[in-house]
Amino acid sequence: MRLPNSQSSRAVIIGTAAYDVNSGFSALPAVENNLMEIENFLRTQTGLQHIVNVTNPPAAVSFGDALSSAVEEADDLLLFYYSGHGTTVNDELVLTYSASSADKAKYTTVPYSAIREDIARSSASIKVVILDCCYSGKVHGKGYLGNLADENIDDQTVIEGAYVLTATGTTRNFASASGNGGCTAFTGAFLDVLRAGTRPQDQFISLATLFPLLQARLRGENHPTPRSSGRNTAYGLALSRNPQWLESQHKRFFRNRDVELPIEDFTAIGVGYISGDSSPGPILADRMRLVAAFDDDYIFIDPDPTAILAARERQRIFGQPEGTWQEYDRNLISTGGGIWSREAPSIPISPQASVALDLHSDITEVSPADLIDAVLRAPVDVLLNGGARILIKASVESIAALSGSVDGEVHVDASSVRAAVICEAGNRIATPRAQVEFLAAGGRFERIEPDSGVGGDQNYEGNLEIIFCNTGSSIDGFVENDYRDSITRASNKYRLQADVQRSRVLRTAQRERLPGGSRIFSRLIEELRHTEKESLSEVEFPFDTEIERRAQRGQGLTTWELAQLAACEEIRLSKNLAEWADAPSRLWLHALPQYFSDGLWNSDLRDKMQKHPHLRMIGAELIARDMIYLGGIGYVKRITEQTMATIRDVASAFELSTEILGLRRIVAEIWQSSLPESEKIDLVIWLRSCLDGMTRWFINNRPRPASIGFEFNQYSRGAESIRAVLAGLKESSSSSFLSVDSGRALPDGLPSWVSDDIRFCEYWPDLLNMVDIHMIAEVAYSSIVGAYISARHELPIGRVRSALLSGFTGGRWHDVALVLLHEEASMAMRNLVLYTSQGDVLQRRLDEWEKMRARHSAWEPGSNFVWSPTWSYDLARLSILVGDLSHIARYPAWAVPY
């Protein structure tokens with residue numbers, strides 16, 4: 001079984017969705033989706049490159065124009081697909097176009113017999129017709145492309161490789177116009193079955209295995225039962241690789257850049273020397289059955305190896321400085337195998353080797369070059385490359401055009417490589433065009449390299465290549481549009497940006513590690529020790545007693561320890577988020593522009609990436625890095641302790657908070673400013689407190705899991721309206737714009753708009769509550785902001801909250817108590833403004849507050865709780881103050897007698 005040859009196959013897909021007025025045929029908008037989805041599948045999964053797509057053909061001649069060249073050019077597969085209205089003339093199926101008329105069907109339609117005759121004269125080895133229309137079942141007869149006139153039946157039955165699949169059978173004539181995913185019922189089910197796959201042991205989905213699944217699916221949904229007819233070789237044609245088989249292979253090894261040893265034996269071929277490889281992991285795997293390998297000197301064949309014994313021998317040779325395949329113990333090689341020099345005039349082929357490499361049984365000896373060719377085409381799970389030269393080319397490339405090719409070197413086409421995965425531990429083995437061709441056929445590339453630090457920077461170029469290949473970019477487009485150079489430039493920019501961010505993380509961590517930071521880092525290390533033992537296997541961290549002793553001496557974690565802690569935390573977060581099966585795609589899409597340099601990212605790529613299999617992996621890496629960069633190494637640990645939320649809830653709230661406050665833009669401007677380093681770090685650390693607060697607000701006040709798109713649209717619009725009101729107050733020379741809780745003076749040297757954005761962030765305790773009040777009370781934002789300013793001026797809520805935020809010590813339960821008090825104070829402010837907006841009188845609340853103040857005049861001799869210039873912190877007194885503030889804001893005025 002095989003996939004069709006991409007260069008010698010042709011496909012014609014025609015669909016009529018729109019019809020002329022008074023045609024007697026209703027519009028079929030789902031047909032346009034059919035054509036788009038069918039073409040995308042044929043290109044990306046079947047690997048076809050020559051596809052003619054005719055949407056809404058205006059006349060009958062459009063069918064002939066589309067078919068004529070395909071019929072002449074197709075040598076392997078010729079596929080014809082039609083979707084639209086079908087009807088009958090003299091009990092024969094006719095196909096419609098936009099100008100067809102139901103009343104004049106005999107003169108304004110295309111007889112299927114004309115289509116059939118054109119396809120029948122093609123020299124293509126396999127001819128496939130798929131009809132998604134009413135009355136399509138009428139084409140099934142004695143011939144294998146449909147009904148023929150009696151005099152032609154004998155000729156038709158000898159046509160090999162013909163297959164017809166129709167949306168209806170012979171007893172039920174009407175096809176269903178609506179189905180899943182915006183397609184018609186038949187085409188939607190056809191694609192769903194192909195994408196879902198069959199049993200894991202089947203490598204390909206053939207027409208023979210597809211039809212019973214499609215039939216059962218449509219019957220179960222009470223749609224017309226499809227019908228098929230075919231002859232011999234057509235049934236063995238594969239339309240795609242089986243996703244279930246691919247998944248079973250991918251689960252075994254090399255997932256998420258780490259070499260994961262499989263629980264079952266897997267077959268492999270190797271390219272390169274057995275010793276001296278800087279990334280040997282796979283070739284030393286106990287479960288790998290290495291069927292064949294070669295380097296510049298020798299060819300190794302072991303048709304039926306014993307995995308564990310062969311692995312031990314490879315490990316022995318690998319440990320020798322000059323170990324070669326020639327030193328492999330012949331007694332461990334299975335019957336029919338051996339080791340031969342590449343200088344030998346010919347190499348004998350045993351029956352066992354012939355089976356392992358899938359050679360013709362008549363072949364008894366071959367040249368070394370032909371044997372290497374056969375090894376590269378062998379039907380194995382993995383092709384492991386540790387070599388240094390290009391050996392795989394695209395079918396459209398000539399060997400002479402390959403840069404750096406060696407005279408006499410073997411090259412094979414990517415379409416003939418039968419390994420499921422090409423794992424590269426050396427240089428690239430395939431040209432850019434060959435990579436696209438291999439990926440389009442359902443293969444997979446993996447890059448095994450030593451990890452140089454946090455995250456997956458080493459895989460960046462490979463990830464981009466896979467993304468562009470799998471999002472439908474053609475081979476010619478991939479090369480001719482200079483994607484290779486663009487990817488190289490993007491890689492350099494991305495790695496530089498990642499290194500700069502990590503440097504900034506360490507600089508801020510060194511400042512915030514004392515006193516409270518060290519305690520959070522200590523608890524994070526303990527959690528990693530219990531949950532991420534693998535990540536910490538090569539890392540040594542001090543225990544909590546040592547960290548506490550350092551803190552008492554005014555010391556903290558070293559820079560090296562902080563760097564390792566950041567790396568381990570990023571791995572932990574990325575792993576958790578990547579396993580989030582139902583994560584909202586918007587979470588990742590917000591971060592994706594960071595992954596693509598200018599010129600690569602565009603709206604078309606954004607749309608395609610929403611369904612891309614790599615989206616979750618890349619998005620998880622970006623969100624994890626951003627949370628550490630903007631929130632600090634201990635950000636997620638702090639929030640999960642203070643709210644009991646999951647990492648995924650924190651990630652959703654983080655994305656909402658950063659987008660609404662514009663933190664990515666603000667932090668970038670701060671680091672690029674001319675401020676002294678210490679002032680930059682102070683500002684960034686202070687902004688983290690705003691991020692912490694808003695993250696907690698979303699977690700505690702909104703449903704979980706968060707609907708990111710809905711929440712963002714709702715609160716971002718409200719935030720912008722409040723920003724406009726505050727800007728207007730500033731323009732009117734009001735000091736209210738600056739009367740925020742912290743009273744923080746911003747340093748000179750920042751652009752005015754950055755300073756305004758930072759001031760806006762200081763409103764985070766009330767910002768989202770104001771949006772809620774607007775939605776509840778339907779009051780203008782100007783009135784709500786005015787009520788907040790009045791309440792803050794008359795009551796010490798702002799100073800109380802600021803004192804609470806200044807009191808964090810890193811102790812878990814102490815800090816949780818402060819967070820709860822802060823939230824209670826903010827809720828008191830919210831209720832006061834809400835009731836005022838609903839007609840209550842604020843002065844009544846203020847009178848009640850004065851009475852309560854009088855009762856607490858003995859707190860300090862001669863003092864009515866006078867705040868010092870530094871707003872000294874006292875948790876007991878602040879608790880009483882927050883309780884009193886909550887009391888006066890507890891009920892609406894009309895519900896409480898004053």
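- Every residue was checked against the salt bridge (charged side-chain N to carboxylate O under 4.0 Å, His left out) condition with Glu823, not counting sequence neighbours, and none meets it.
- Here the closest non-hydrogen pair linking Ile639 and Ile699 is CG2-CD1, 3.6 Å.
- Taking each heavy atom of Leu691 and Ser657 in turn, the nearest pair found is CD1-CB, 3.8 Å.
- Within the 4.5 Å cutoff, the side chain of Glu641 has no heavy atoms near those of the Asp815 side chain.
- The minimum heavy-atom distance linking Glu711 with Pro703 is given by the pair OE2-CD, 3.9 Å.
- Proximity of Leu661 to Ile666: side-chain heavy atoms (C-beta onward) are nowhere separated by under 4.5 Å.
- Residues Ile681 and Ile685 have side chains in contact (heavy-atom distance under 4.5 Å, counting atoms from C-beta outward).
- Between Leu573 and Ile628 there is a side-chain heavy-atom pair separated by less than 4.5 Å.
- When every heavy atom of Arg529 is checked against every heavy atom of Pro542, the shortest pair comes out as NH2-O, 3.4 Å.
- Between Tyr788 and Tyr763, the distance separating the two ring centers is not shorter than 6.0 angstrom.
- Aromatic ring centres of Tyr715 and Trp697 lie closer together than 6.0 Å.
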inquiry  = Run Thr658 and Met694 through side chain to side chain contact (heavy atoms under 4.5 Å, CB included) and show every step you take.
reply    = CA-CA 9 Å; Thr658 52; Met694 188 168 280; over 6 Å; no
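- Without hydrogens or angle criteria, Arg702 side chain to Ala653 main chain gives no donor-acceptor distance under 3.5 Å.
- How far OH of Tyr635 is from CE of Met627: 7.0 Å, rounded to the nearest 0.5 Å.
- Counting only N and O atoms by type, the side chains of Arg504 and Thr508 include no donor and acceptor under 3.5 Å apart.
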inquiry  = Please determine whether side chain to side chain contact (heavy atoms under 4.5 Å, CB included) holds for the pair Ile773 and Val779, giving the CA-CA distance in whole Å, both sets of side-chain angles, and the decisive distance to 0.1 Å.
reply    = CA-CA 8 Å; Ile773 292 172; Val779 179; 5.6 Å; no
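- Interatomic distance, CZ of Arg830 versus CG of Asp766, reported as 11.5 Å (0.5 Å rounding).
- In this structure, Ser522 contributes its side chain and Arg519 its backbone to no donor-acceptor pair below 3.5 Å.
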query = Is there a side chain to side chain contact (heavy atoms under 4.5 Å, CB included) between Ser716 and Glu659 once you walk through the steps?
reply = CA-CA 8 Å; Ser716 63; Glu659 288 295 314; over 6 Å; no
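- For Arg696, the salt bridge (charged side-chain N to carboxylate O under 4.0 Å, His left out) test picks out no residue, with sequence neighbours left out.
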inquiry  = With side chain to side chain contact (heavy atoms under 4.5 Å, CB included) as the criterion, how do Trp671 and Glu677 come out once you've worked through the C-alpha distance, each side chain's angles and the decisive distance to 0.1 Å?
reply    = CA-CA 8 Å; Trp671 284 114; Glu677 177 77 358; 3.9 Å; yes
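- The minimum heavy-atom distance between Asp649 and Ala645, with the atom names listed, is CB-CB, 4.0 Å.
- The distance from the CD1 atom of Ile722 to the OG atom of Ser782 is 11.0 Å, given to the nearest 0.5 Å.
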ask   = Does the salt bridge (charged side-chain N to carboxylate O under 4.0 Å, His left out) test come out yes or no for Glu762 and Arg759, once each step is laid out?
value = CA-CA 5 Å; Glu762 293 186 308; Arg759 289 297 184 200; 2.9 Å; yes
request  = Give the C-alpha distance, both sets of side-chain angles, the deciding distance and a yes or no for salt bridge (charged side-chain N to carboxylate O under 4.0 Å, His left out) between Lys637 and Glu569.
outcome  = CA-CA 10 Å; Lys637 181 65 177 174; Glu569 175 68 346; over 6 Å; no
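- His822 places a side-chain heavy atom less than 4.5 Å from the side chain of Pro765.
- To the nearest 0.5 Å, atoms CD (Glu526) and CD1 (Ile547) are separated by 7.5 Å.
- You'll find the side chain of Ile784 stays beyond 4.5 Å of the side chain of Val725, heavy atoms only.
- No side-chain heavy atom of Glu669 sits less than 4.5 Å from a side-chain heavy atom of Leu750.
- With Ser689 contributing its side chain and Trp686 its backbone, the two residues share a donor-acceptor pair below 3.5 Å.
- Look at Glu527 and Arg572 and you find a salt bridge, because one of the NZ, NE, NH1 or NH2 atoms lies within 4.0 Å of a carboxylate O, short of that distance.
- Of the charged side-chain nitrogens involved, at least one lies within less than 4.0 Å of a carboxylate oxygen, so that Glu655 and Arg664 count as a salt-bridged pair.
- Across all their heavy atoms, Tyr629 and Val505 have their closest contact at CA-CG2, 3.6 Å.
- Side chains of Cys761 and Leu687 form a contact here, defined as non-hydrogen atoms less than 4.5 Å apart.
- Once rounded to the nearest 0.5 Å, the distance linking OG1 of Thr643 with CG of Leu820 reads 10.5 Å.
- In this structure, CE in Met827 is found 5.5 Å from CG in Asn701, a value given to the nearest 0.5 Å.
- Other residues, nucleotides and ligands contribute more than 12 heavy atoms inside 6.0 Å of the CE atom of Met775.
- Using a distance-only test at 3.5 Å, with no hydrogens or angles considered, no donor-acceptor pair links the side chain of Arg625 to the main chain of Arg502.
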